[in-house]
Every structure is written in structure tokens, then in C-alpha cells.
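Structure first, commentary second.
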Amino acid sequence: MKGSELFSLELKDGIHGVVIAVSTAIVTGITQLVSSGIVPTTYAQLKPTLIAGAAAGLMYISKKYFSNSNNEIAKAEPNPNPYKS
């Protein structure tokens, strides 16, 4: 599967970032609920979950931004025709 070019993002990258952020927040929230037995209802209780979700989404978008179309991090775009310069 080809990705976006180095230093560029496509709409699908943003959608995947949002999915990663939301799923991380849900998993973090369920983990908190199971481990403490308390349902988080206030902003102070939800804040760590929201931060974890936002951080996961931001890291995914950062990784995609610094990856080339072959999903290699911080490498130049591959030359499609090696015999041409």
C-alpha cells in the first residue's frame, strides 16, 4: 500500500489519526474503569484519557508526515526510474 509522499499528508492520514486517537482514548478509559472501579465523570478524571488519545493521534500524524510513500521514516522518495536522473 502506497502512502503519502515525504512531508505531505492526505485525507486518509488525518482520518487514521482520528481513529487512532479515539481508540486510544477508549482503551485508556476502559483500563482506568477496570483498574479503579470508578467511572470517570469529571474533566479532571477524563483529562489523562484525553491527553493519551491526543498524544497517540499526534504521534501517528507526525510519523506519517515524516515518512515517504513506502512508509520509510526520514528517507527520500524512491526514484521510480533508476536510469533517469
Side-chain angles (χ1 to χ4, degrees):
M1 182 172 89
K2 288 287 192 180
S4 55
E5 292 184 359
L6 186 63
F7 301 123
S8 67
L9 294 171
E10 295 178 2
L11 179 61
K12 66 178 181 175
D13 298 327
I15 293 169
H16 287 152
V18 169
V19 168
I20 297 261
V22 169
S23 61
T24 300
I26 290 171
V27 169
T28 304
I30 290 171
T31 303
Q32 283 179 339
L33 176 64
V34 169
S35 65
S36 68
I38 299 171
V39 177
T41 55
T42 65
Y43 177 73
Q45 293 170 330
L46 289 173
K47 188 175 178 182
T49 303
L50 299 174
I51 290 172
L58 182 62
M59 292 310 299
Y60 178 82
I61 294 294
S62 299
K63 181 251 181 206
K64 292 302 284 184
Y65 184 75
F66 289 106
S67 297
N68 64 17
S69 58
N70 289 336
N71 286 325
E72 299 169 319
I73 296 175
K75 289 189 177 180
E77 283 295 321
N79 188 359
N81 188 351
Y83 300 109
K84 259 187 172 175
S85 28

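By the 4.5 Å heavy-atom criterion applied to side chains, L50 and Y43 are counted as neighbours. Put simply, the side chain of I20 does not reach to within 4.5 Å of the side chain of M59, judged on heavy atoms.
The CG atom of L9 sits 12.5 Å away from the NE2 atom of H16 when rounded to the nearest 0.5 Å. To the nearest 0.5 Å, atom CD1 of residue I38 and atom CD of residue Q32 are 10.0 Å apart.
Counting all heavy atoms, side chain and backbone alike, P78 lies closest to N70 at CG-ND2, 3.3 Å. The two residues T49 and A25 make their nearest non-hydrogen contact at CG2-O, 3.0 Å.
Judged purely by atom type and a 3.5 angstrom limit, D13 has no side-chain atom pairing as donor or acceptor with the backbone of K64. Of the possible polar contacts, none joining the E72 side chain to the N68 backbone as a donor-acceptor pair under 3.5 Å is found. Counting only distance, with no hydrogens or angles, the side chain of E77 and the backbone of S69 share a donor-acceptor pair below 3.5 Å.
Open room surrounds CD on E5; 12 or fewer heavy atoms of other groups in view lie less than 6.0 Å from it. For K75, the NZ atom is loosely surrounded, since the number of other residues' heavy atoms within 6.0 Å does not exceed 12.
Clustering ILVMFWY residues whenever any of their side-chain heavy atoms sit less than 4.5 angstrom apart, transitively, puts I30 in the very cluster that holds V22. Under the 4.5 Å side-chain contact rule for hydrophobic residues, F66 and Y60 share a cluster. A continuous path of hydrophobic side-chain contacts links V34 to I26 [ILVMFWY only; heavy atoms under 4.5 Å].
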